[in-house]
Amino acid sequence: MEIDYKKIDTELNMFAIDVIYEILDKYSSLISEKDKETFIEKITNNRVIVVDMPSKEDEIFFEGNIPKAHGPRAKKDGLIHIYPYVFRSQSTEEIIQNCINHIIIHELYHFIIKLDIKGNYPQDEIDFGHYLTEGMVQLFSEIHQGKSDRTSKYRQNVNNAQIIYETLKNNLSLIFKHNYKDIFAKFPNLSSVYDEYLKERKFNAKLSEFFEEVSPLLNWETKRLIAKSKSFSINDTLINLKALIEKKMNVDDAKNYCSKLDEIYESCFAQNKKSLV
């Protein structure tokens, strides 16, 4: 299916500029002057998005794993990049709508939410900064649109970001102007979010191993199971996975694998033991 790159470029840049105006209208007094100037520069130049065509340079840059889109920091050029040819078998109109519904607003909030840390920190803490940034960016994107995006792979990130947001909702400038360590220094009780993240990461690692074992029996690719699990909270993932197991396996096998799931959960969240239906 032939892609109209020029149309995608025109329509997505128009949409992005409109969203920037909306963000400034809502948060202008809370974001940093530097980020405000960046947004004003995008409005002035009437460009915030680059629509990329296939290239060997990108194949090399992404090591063959080209994303649908990414934010301004990936290529360090201050622009959102869209790769329409990655949207398999979609028409130009479908690609535009997909970007409007699920990508552009998320990427615009990356300009003003940067909770990650730099420097000589343990890798777990650095990873948590990226995890939390994605969760908070997606949360603000969903607040902006007035609805949850069930296609998002950041559902668990969003749930943890929501805890921080609720604590800071009367002081949102902290989210826009500080990294998570600065915020946790002011609100030490929020460090529990990091503790939960470590448990969640351990759980997801064990769940991936579990998926390797059961995917042939469920006739689902492992990577598809992993991607699907990231679209739900942990409890919803377990509930949905058990339903799938009970549907696809005989009674004895289903009982065995559902018990294994409970064991995985309890090994990571022992103090939160509960019945998982």
Side-chain angles (χ1 to χ4, degrees), residues 1-13 16 47-111 113-114 116-118 123-124 126-135 137-138 141 149-158 200-201 204-216 218-232 237:
M1 193 174 294
E2 190 173 347
I3 297 171
D4 188 338
Y5 285 86
K6 185 176 179 182
K7 183 174 184 179
I8 294 171
D9 185 289
T10 300
E11 294 201 18
L12 291 187
N13 271 291
R47 176 158 296 277
V48 64
I49 293 168
V50 174
V51 178
D52 291 272
M53 298 182 74
S55 72
K56 288 183 179 178
E57 291 79 10
D58 283 336
E59 284 287 338
I60 294 168
F61 185 85
F62 293 109
E63 298 179 346
N65 188 24
I66 297 172
K68 292 179 178 178
H70 61 70
R73 292 197 282 174
K75 287 187 173 178
K76 299 179 181 177
D77 60 0
L79 293 164
I80 295 167
H81 285 253
I82 307 292
Y83 302 87
Y85 56 94
V86 177
F87 292 79
R88 309 294 181 195
S89 305
Q90 291 189 21
S91 67
T92 294
E93 291 300 332
E94 287 171 329
I95 293 169
I96 291 169
Q97 203 55 51
N98 203 325
C99 291
I100 287 172
N101 291 344
H102 307 296
I103 293 174
I104 303 302
I105 297 177
H106 176 100
E107 298 302 345
L108 285 171
Y109 274 98
H110 268 295
F111 281 93
I113 296 173
K114 301 175 276 276
D116 47 311
I117 54 175
K118 296 176 182 177
Q123 191 60 47
D124 284 350
I126 292 172
D127 291 345
F128 177 65
H130 295 302
Y131 166 98
L132 196 56
T133 295
E134 289 295 354
V137 163
Q138 183 60 29
S141 173
D149 184 354
R150 299 312 305 182
T151 70
S152 170
K153 63 180 181 180
Y154 299 121
R155 186 53 41 202
Q156 294 171 18
N157 312 52
V158 169
E200 179 186 301
R201 195 160 82 160
N204 285 330
K206 289 189 175 185
L207 195 61
S208 293
E209 293 175 3
F210 178 81
F211 287 154
E212 291 281 356
E213 183 179 349
V214 300
S215 60
L218 297 175
N219 200 26
W220 276 49
E221 290 184 348
T222 302
K223 63 181 181 181
R224 186 181 171 200
L225 287 167
I226 292 171
K228 197 72 176 169
S229 71
K230 291 180 179 178
S231 300
F232 295 95
T237 292

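Computed from heavy atoms alone, side chains included, the values below leave out hydrogens, waters and symmetry copies. Sequential numbering from 1 along the given sequence is applied to the chain's residues.
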(message) For Asp127, is there an ion pair with Arg201 - N to carboxylate O distance below 4.0 angstrom?
(response) yes
Heavy-atom nearest pair, Ile49 first then Asn13, reads N-OD1, 2.9 Å
Residues Leu12 and Ile96: closest non-hydrogen pair is CD2-O, 3.9 Å
Residues passing the ring pair (Phe, Tyr, Trp, His ring centres under 6.0 Å) test with His106, sequence neighbours excluded, are His110, Tyr154
Here the gap from Phe128 atom CZ to Gln123 atom CD, rounded to the nearest 0.5 Å, amounts to 14.0 Å
(message) Less than 6.0 angstrom from the centroid, inside 45 degrees of the normal: does Lys68 satisfy that with respect to the ring of Tyr83?
(response) no
Review point. Checking side chain to side chain contact (heavy atoms under 4.5 Å, CB included) for the pair Asn65/Glu59: CA distance, chi angles, key distance, verdict?
Key: CA-CA 7 Å; Asn65 188 24; Glu59 284 287 338; over 6 Å; no
Checklist entry - Given His70 and Phe62, is the ring-ring contact (aromatic ring centres under 6.0 Å, His included) satisfied, shown in steps? => result CA-CA 11 Å; His70 61 70; Phe62 293 109; 5.6 Å; yes
In short, Leu79 meets Arg47 closest at the heavy-atom pair CD2-O, 4.0 Å
So CG of Leu225 and NZ of Lys230: to nearest 0.5 Å the spacing works out to 12.5 Å
*Mark yes when over 12 heavy atoms from residues, nucleotides or ligands other than Asp77 sit less than 6.0 Å from its CG; otherwise mark no.*
yes
Separation between CG (Asn98) and OG (Ser91), nearest 0.5 Å, reads 10.5 Å
dist Ile100:CD1 -> Glu11:CD (nearest 0.5 Å) comes out at 7.0 Å
| query | Above 12 or not: heavy atoms from other molecules or residues under 6.0 Å from NZ of Lys228? | reply | no
- Query: Is the number of heavy atoms from other residues, nucleotides or ligands under 6.0 Å of Glu221 CD greater than 12?
  - Reply: no
Would you say Arg155's side chain and Arg150's backbone share a donor-acceptor pair under 3.5 angstrom?
-> no
Ser215 side chain vs Phe211 backbone, donor-acceptor pair below 3.5 Å | yes
When rounded to the nearest 0.5 Å, the distance separating NZ of Lys114 from CG of Leu132 is 14.5 Å
Should we count NZ of Lys206 as having more than 12 external heavy atoms under 6.0 Å?
yes
Backbone N or O of Ile3 within a donor-acceptor pair of the Thr92 side chain at under 3.5 Å? no
Looking only at heavy atoms, the pair that brings Ser229 and Leu207 closest together is CB-CD2, 4.3 Å
Quiz item: Please walk me through it: do Val50 and Ile80 pass side chain to side chain contact (heavy atoms under 4.5 Å, CB included)?
Solution: CA-CA 6 Å; Val50 174; Ile80 295 167; over 6 Å; no
On a heavy-atom basis, the closest approach of Ser208 and Ile226 is OG-CD1, 3.8 Å
Sorted by chain and residue number, the ring pair (Phe, Tyr, Trp, His ring centres under 6.0 Å) partners of Tyr131 (sequence neighbours excluded) come out as Tyr197
In terms of heavy-atom contacts, Ile82 and Ile103 come closest through CD1-CG2, 4.1 Å
Value for CD1 (Ile117) from NE2 (His130), rounded to nearest 0.5 Å, stands at 8.5 Å
| said: side chain to side chain contact (heavy atoms under 4.5 Å, CB included), that's the test. Do Tyr5 and Met53 meet it? Break it down for me. | reply: CA-CA 8 Å; Tyr5 285 86; Met53 298 182 74; 3.6 Å; yes
request  = Could you go through the side chain to side chain contact (heavy atoms under 4.5 Å, CB included) check for Tyr109 and Gln138 one step at a time?
outcome  = CA-CA 8 Å; Tyr109 274 98; Gln138 183 60 29; over 6 Å; no
Sorted by chain and residue number, the salt bridge (Lys or Arg N to Asp or Glu O under 4.0 Å) partners of Asp52 (sequence neighbours excluded) come out as none
